[in-house]
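Here the structure is a predicted model, which means the values were calculated and not measured. Naming convention: chains lettered A, B, ... in sequence-line order (proteins, then strands); numbering from 1 in each chain.
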There are 2 protein chains.
Amino acid sequence: MNKKQTKPKEPLANKAYRELKRKILDNELHTGSHMTEQEVSTLLEMSRTPTREAMLQLAREGLIELKPRHGMRVKPVSIEDMKEIYEILTGLESTAAALCATNGLNNDQLSLMRESVTAMDEALQQDDLIQWAAADERFHRYLVEFSDNQRLQKLVSNFIEQSHRVRMLTLKMRPKPNSSNKDHLDVINAIESNNAETARLIHHQHREKSGRMLISLLENFGLNHM
Amino acid sequence: MNKKQTKPKEPLANKAYRELKRKILDNELHTGSHMTEQEVSTLLEMSRTPTREAMLQLAREGLIELKPRHGMRVKPVSIEDMKEIYEILTGLESTAAALCATNGLNNDQLSLMRESVTAMDEALQQDDLIQWAAADERFHRYLVEFSDNQRLQKLVSNFIEQSHRVRMLTLKMRPKPNSSNKDHLDVINAIESNNAETARLIHHQHREKSGRMLISLLENFGLNHM
DNA sequence: TAATTTATTAACGTATACATTAATAAATCT
DNA sequence: AGATTTATTAATGTATACGTTAATAAATTA
């Protein structure tokens, strides 16, 4: 057992997984080039075994793809991929909204959600899209977290990660997200009234609208692979 | 490269994964006992590396759980787990139903779905629950497959696997599934009419009803962990 | 006898050796 | 020059050695 004053050492495979994922999501690794297991091991300064385990995990999560004899590369995301991802996120988040309404949220939870929408409003007024995106992400995260379904939470997290690079790439290309704030507020109100079907419907419509807008934008800019 | 007449050898890790999963789903491994990596390797007649990779994958898919120094065991499924799983399946399958209606299905696809409902009818008449379950599974599989969303298909597969043992355990405890057949037929009709919202609603209600019935049954029988 | 401390053992995480094999370079043939 | 065959190389899958460490047995203390 470790001495009292030191916490358990994080397994190298976990570390490899975290670092690779961060590099992918932060665009430090790109879709254009492959890296073999050996190259990744050298980059992460560890042996192939933990590196390999981390790569297998990331491949299963859809963030990288493995090509025989060529190693891994960041998985390009196509418009078709985004359609699939948004279809699932729409279904799951609507479910989360309905669950929140059915189970009921306490005042702290409702406050947190309202605060995130307020932060979205303020960010819009200041024309700060980065802040707006951060607040919007908080809202969606609360929605899923407060649904109290661990599996749903993990799934949504994963798909948000799969679509992260595309969403960051297109943040400033999108029109000003004026109606998002109102949609979110409507959802919160429906949740507060324990109106599951209304919460589901509003959020579903919001998500479908957002999805259509994003797909349309990708098509218009000719962004077929990202 | 392999000689022409032999197909590429399946990696041992894949084989380990398939065999372990089959044993779990067929109740050849039980929730009551742990097996170390070494014990599993001996059982599967291969070294620890492919075994370990397979075990990690199954753990991430929620079919087993790993306990430090004690190895793996089949993950018991609680009522809470079943609630979560059904909440997700409800959301995803409803999405699939709506996608089928939106995208439209061809006559072959509609026929396959109708045939599975016919098989459900016949199985019910013959009081053959096993056959009924098989036909019901086909219907659900078609629904998801014909939604044309690969990610959704994989997810649903995984959750169906997580709940498989509980569903098999309770098959003969459940009341006769009289309304399932009609529900499924109604969904098919809505899909045929390209009525996405109706397809979604009907399937959502069906799934919620099934879920409530199953949870209620588990609670009544006192089946807290399976 | 119960609690605490120390010792032991085996499970696991990782490193690396080795066998297999996929991609590609080189050689050969037409 | 292009197509085909053979050779080569390095990536990957797997086996196993080894260091770390978690659980538990044994020893010690109160």
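- No more than 12 heavy atoms of other residues, nucleotides or ligands shown are found within 6.0 angstrom of CD on B:Glu45.
- If you measure from atom CG of A:Leu56 to atom P of C:dT14, you get 14 Å, rounded to the nearest angstrom.
- A:Gln57 and B:Arg60 form a side-chain donor-acceptor contact under 3.5 Å, judged by distance and modelled atom types alone.
- For A:Lys209, the NZ atom sits in a packed shell: over 12 heavy atoms of surrounding residues, nucleotides or ligands are nearer than 6.0 Å.
- Between the P atom of C:dA11 and the CG atom of B:Leu66 lies a distance of 15 Å, rounded to the nearest Å.
- Side chain to side chain, B:Gln153 and B:Arg141 fail the donor-acceptor criterion of an N or O pair below 3.5 Å.
- No side-chain donor-acceptor contact under 3.5 Å links B:Thr170 to the backbone of B:Met173.
- Rounded to whole Å, atom C1' of D:dT14 lies 16 Å from atom CD of B:Glu45.
- Remark: A:His34 engages A:His70 in a ring-ring contact (aromatic ring centres under 6.0 Å, His included) (not counting sequence neighbours).
- What separates CD of B:Glu53 from C1' of C:dT14 is a distance of 13 Å, to the nearest Å.
- At whole-Å resolution of the value, CG in A:Leu12 and P in D:dT20 are 12 Å apart.
- In this entry the distance linking CE of B:Met46 with C1' of D:dT16 reads 16 Å, nearest Å.
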Review point. Could you run down nucleotides 5-12 of chain D 5' to 3' and tag each one B, S or - for protein heavy-atom contact under 4.0 Å?
Key: -----BBB
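- We find that NZ of B:Lys9 is positioned 13 Å from P of C:dA19, with the value rounded to whole Å.
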